[in-house]
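What follows is a set of notes on a single structure, which appears directly below.
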Amino acid sequence: MEGSSLRDRCYRLVCKIPKGKVTSYKEVAEALGIRGYRLVGMLLSRNPEPVKIPCHRVVKSNGEVGGYIMGVDKKVELLRSEGIPVKNGRIVDFQRYFFRLK
DNA sequence: ATATTGACATTTA
DNA sequence: ATAAATGCCAATA
């Protein structure tokens with residue numbers, strides 16, 4: 001089932017982000033040992049199991065929400081439902097909700 | 001095998 | 001503040 005491809009490691013990592021927290025594409029990339037930040041977005045965009053794998057908790061490093069398969073609106077809705085305030089496409093008090101993977 | 005593709009980040013203007 | 005150029009790299013085609 002779970003292999004050791006970067007993709008699978010990426011999914012496993014994202015699953016560790018606790019509810020009510022967010023991290024960035026950059027943080028995930030670095031935890032995976034790469035600097036191809038865009039690649040993380042590409043991998044998550046092909047998320048096999050949306051919701052089960054909480055990729056909505058991964059946002060841009062500048063606090064903007066970033067994209068989502070089901071639409072950005074859905075991503076914002078999910079984040080808010082987990083207690084994360086979002087205003088004008090940005091996480092409010094980003095630092096405070098940031099989950100460090102390293 | 002090579003070429004393109006991304007839900008990004010940093011630097012520069 | 002915005003916008004463009006450049007770097008990144010596994011996955012996809």
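In the text below, chain A, chain B and the rest are named by the order of the sequence lines, each starting its count at 1. Values reported hereafter were calculated over all heavy atoms of this structure, with side chains retained and with hydrogens, waters and symmetry mates removed.
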Legend entry - In one Ile/Leu/Val/Met/Phe/Trp/Tyr side-chain cluster, 4.5 Å: A/Tyr25, A/Val65: no
Inset, instruction - Return the value, rounded to whole Å, for the distance between atom CG of A/Leu6 and atom P of B/dC8. - result: 17 Å
Inset, instruction - Please list residues of residues 20-34 of chain A whose heavy atoms come under 4.0 Å from any atom in DNA chain B, ordered by number; otherwise none. - result: A/Tyr25, A/Lys26
Legend entry - Atom-to-atom span, CE of A/Met42 to P of B/dA3 - whole angstrom: 18 Å
Inset, instruction - Can you measure from CD1 (A/Ile34) to CG (A/Leu39) and round to the nearest 0.5 angstrom? - result: 4.5 Å
Inset, instruction - Would you kindly confirm whether A/Val28 and A/Ile53 end up in one hydrophobic cluster when ILVMFWY residues are joined by side chain heavy atoms under 4.5 Å apart? - result: yes
Legend entry - DNA chain C: 5'-proximal contact among A/Arg38 and A/Ser5 (nearest heavy atom): A/Arg38
Legend entry - Reported OG-to-NZ distance for the pair A/Ser24 and A/Lys60, which is rounded to 0.5 angstrom: 12.0 Å
Inset, instruction - Quickly work out the A/Leu39 CG to B/dT4 P distance and round it to whole Å. - result: 18 Å
Inset, instruction - With a 4.0 angstrom cut-off to heavy atoms of chain A, pull out the first and last contacting nucleotide of DNA chain C, in 5'-to-3' order. - result: C/dG7 to C/dT12
Inset, instruction - Answer yes when A/Glu30 and A/Lys102 have at least one side-chain N-carboxylate O distance shorter than 4.0 Å, and no when they do not. - result: yes
Legend entry - N/O donor-acceptor pair under 3.5 Å between A/Arg7 side chain and A/Asn47 backbone: no
Legend entry - CD (A/Gln95) with more than 12 external heavy atoms under 6.0 Å: no
Legend entry - Length of the line joining A/Ile69:CD1 and B/dG6:C1', which is rounded to integer Å: 12 Å
Legend entry - Spacing between A/Asn47 atom CG and B/dA7 atom C1', to the nearest angstrom: 11 Å
Inset, instruction - Report the C-alpha separation of A/Lys74 and A/Glu77 in whole Å, then their side-chain angles, then the decisive distance to 0.1 Å, and conclude whether the salt bridge (charged side-chain N to carboxylate O under 4.0 Å, His left out) test is met. - result: CA-CA 5 Å; A/Lys74 182 66 178 175; A/Glu77 182 185 309; 3.4 Å; yes
Legend entry - A/Leu32 backbone acceptor or donor facing A/Arg9 side chain under 3.5 Å: yes
Legend entry - A/Lys74 NZ to B/dA7 C1', straight-line distance once rounded to whole Å: 17 Å
Legend entry - Residue pair A/His56 / A/Glu82, side-chain donor-acceptor N/O under 3.5 Å: yes
Legend entry - Value rounded to 0.5 Å, distance of OG1 in A/Thr23 from CZ in A/Arg57: 11.5 Å
Legend entry - Stretch residues 54-62 of chain A: residues that reach within less than 4.0 Å of DNA chain B through a heavy atom: A/Cys55, A/Lys60, A/Ser61
